[in-house]
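Heads up, the thing below is written out as structure tokens.
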There are 2 protein chains.
Amino acid sequence: MADGGLSIGQVAQRTGLSVHTLRLYEREGLLASEVRRDGSGRRVYSAWDVEWLANCVKFRASGMPLTTISRLAQLVRAGSGNEAERLELLRAHQRHITEQVAQLRDCLDLINVKVASYERHLTAGASGDPWHQQRPPAPQEHRIDGA
Amino acid sequence: MADGGLSIGQVAQRTGLSVHTLRLYEREGLLASEVRRDGSGRRVYSAWDVEWLANCVKFRASGMPLTTISRLAQLVRAGSGNEAERLELLRAHQRHITEQVAQLRDCLDLINVKVASYERHLTAGASGDPWHQQRPPAPQEHRIDGA
DNA sequence: CTAGATGCTAGACCGAGGTCTAGGTCAACG
DNA sequence: CGTTGACCTAGACCTCGGTCTAGCATCTAG
């Protein structure tokens, strides 16, 4: 392939997406630049396309829905003049990620406690089911609702 | 409701799940103890059930599939003797979360770069599209005239 | 007593995000 | 030449995790 263009198969290999998914993404408007085609209608991806797709993969992995990526792509495709909107979109996702990290840490705390508890249980011999420990009148943690 | 038993609606309120979802979770075997019923067949949740559900919510929020929660619930329901398996399951999810956090950080890095770049762009006046830094969209026309 | 919440079950429906198939084109290889 | 493999489109199909409806029973307040 001249000029560094890549076939869909090659792009699949280096993005980790399936060729099916690549075509889906294109249909859904996730690409920020139209994919070229060769003489017989086959897709030819530029290095820039691949780079963009790699970003898409990260966005997806961090929970950005296809529609949002599509909107971003649309803005980029539209060219200059909408930078503020792109920035807003990115900031929103930034916040979303931060929130996710907080939730993950929250769950991780819980799991760490349970894991430690089971490890104790297993190495020290049975001392009661860690998941059925009676909770004596406990210090009010973040109770969901006072009641 | 005597002895602190809660109705499904009350549980929905304090777990943030819908009553539909609560019934779904029960059908799918996510509950580690069978929910009691009152005289006329209505569910009566114990404080422990609610606590367990709150954990389920965290598990879900951290990407644990229903089937996995179900398996964990099943183990807990089965009682002592399978602690090693529970621990294994928890450790697997621990790893999964850690991996997710890494991915999120990875995406966050990317976004931070882009955000910074757009901020510069916007405050300092247009200086080129931050998303087209390396490769201007020079889509060299796909040949339409014969070869 | 009656209305209006709230609950019950069974099962249909939905959106997101893929994944796969059918049927066809094309280029290269032995 | 025929076959093989990568590619094309259109569209069906699938899983996951809910969400909602129908039709009925029960509780509670006025």
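To find a chain, count down the sequence lines: A is the first, B the second, and so on, and within it residues start at 1. Atoms considered below: every heavy atom in the structure, side chains included; atoms not considered: hydrogens, waters and symmetry mates.
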Query - Evaluation steps, side chain to side chain contact (heavy atoms under 4.5 Å, CB included), between B:His132 and A:Trp48 - result: CA-CA 9 Å; B:His132 284 284; A:Trp48 191 84; 3.3 Å; yes
Report task. Compare the minimum distances between each of C:dG18, C:dC8, C:dC26 and the side chain of A:Arg60, then state the nucleotide with the smallest one. Result -> C:dG18
Query - Protein-nucleotide distance (A:Phe59, atom CZ; C:dG17, atom P), rounded to Å - result: 15 Å
Requested in this report: Classify the side-chain pair B:Thr21/B:Ser18 by whether it contains a donor and acceptor separated by less than 3.5 Å.
Outcome: yes
Query raised in the report: Are any of B:Arg43's side-chain N or O atoms less than 4.0 Å away from OP1 or OP2 of D:dT26?
Result: no
Requested in this report: Step through the shown structure and confirm whether more than 12 heavy atoms of other residues, nucleotides or ligands are within 6.0 Å of CZ on B:Arg77.
Outcome: yes
Query raised in the report: In whole angstrom, what separates B:Gln10's CD from C:dT6's C1'?
Result: 11 Å
Query - Close side-chain approach of A:Leu108 to A:Leu104, heavy-atom, < 4.5 Å - result: no
**Report entry** Side chain to side chain, A:Cys107 and B:His93, heavy atoms closer than 4.5 Å
**Finding:** yes
Query raised in the report: Phosphate oxygens OP1/OP2 of D:dC7: is one of them under 4.0 Å from a side-chain N or O of A:Ser7?
Result: yes
Query raised in the report: What parts of residues 19-28 of chain B reach DNA chain D, counting only heavy atoms under 4.0 Å away?
Result: B:His20, B:Thr21, B:Leu24, B:Tyr25
Requested in this report: To the nearest Å, give me how far apart CG (A:Asp38) and P (D:dA6) are.
Outcome: 16 Å
Query - Phosphate contact (D:dT9 OP1 or OP2) by A:Arg37 side-chain N/O below 4.0 Å - result: yes
Query - For atom CE of B:Met64 and atom P of D:dG17, their distance in whole Å - result: 12 Å
Requested in this report: Could you state the atom-to-atom distance from CG of A:Leu17 to C1' of C:dG18 in whole Å?
Outcome: 11 Å
Solution key, residues 52-61 of chain A side-chain donor-acceptor pairs under 3.5 Å, sequence neighbours excluded:
unit_1: A:Trp52; atom_1: NE1; unit_2: A:Leu30; atom_2: O; d: 2.7
unit_1: A:Arg60; atom_1: NH1; unit_2: A:Met64; atom_2: O; d: 2.7

**Report entry** Non-hydrogen side-chain atoms of A:Arg91 and B:Ile111 separated by less than 4.5 Å
**Finding:** no
Report task. Find which nucleotide of DNA chain D each of B:Pro65 and B:Ser40 is nearest to by heavy atoms, and output the residue with the more 5' nucleotide. Result -> B:Pro65
Report task. Can you tell me the distance, in whole Å, between the CG atom of B:Leu66 and the P atom of D:dG17? Result -> 4 Å
Report summary line: Closest to the 5' end of DNA chain C, once A:Ser18 and B:Arg42 are matched to their nearest nucleotides, is B:Arg42
Query raised in the report: How long is the line joining OH of A:Tyr45 and C1' of D:dA6, in whole Å?
Result: 13 Å
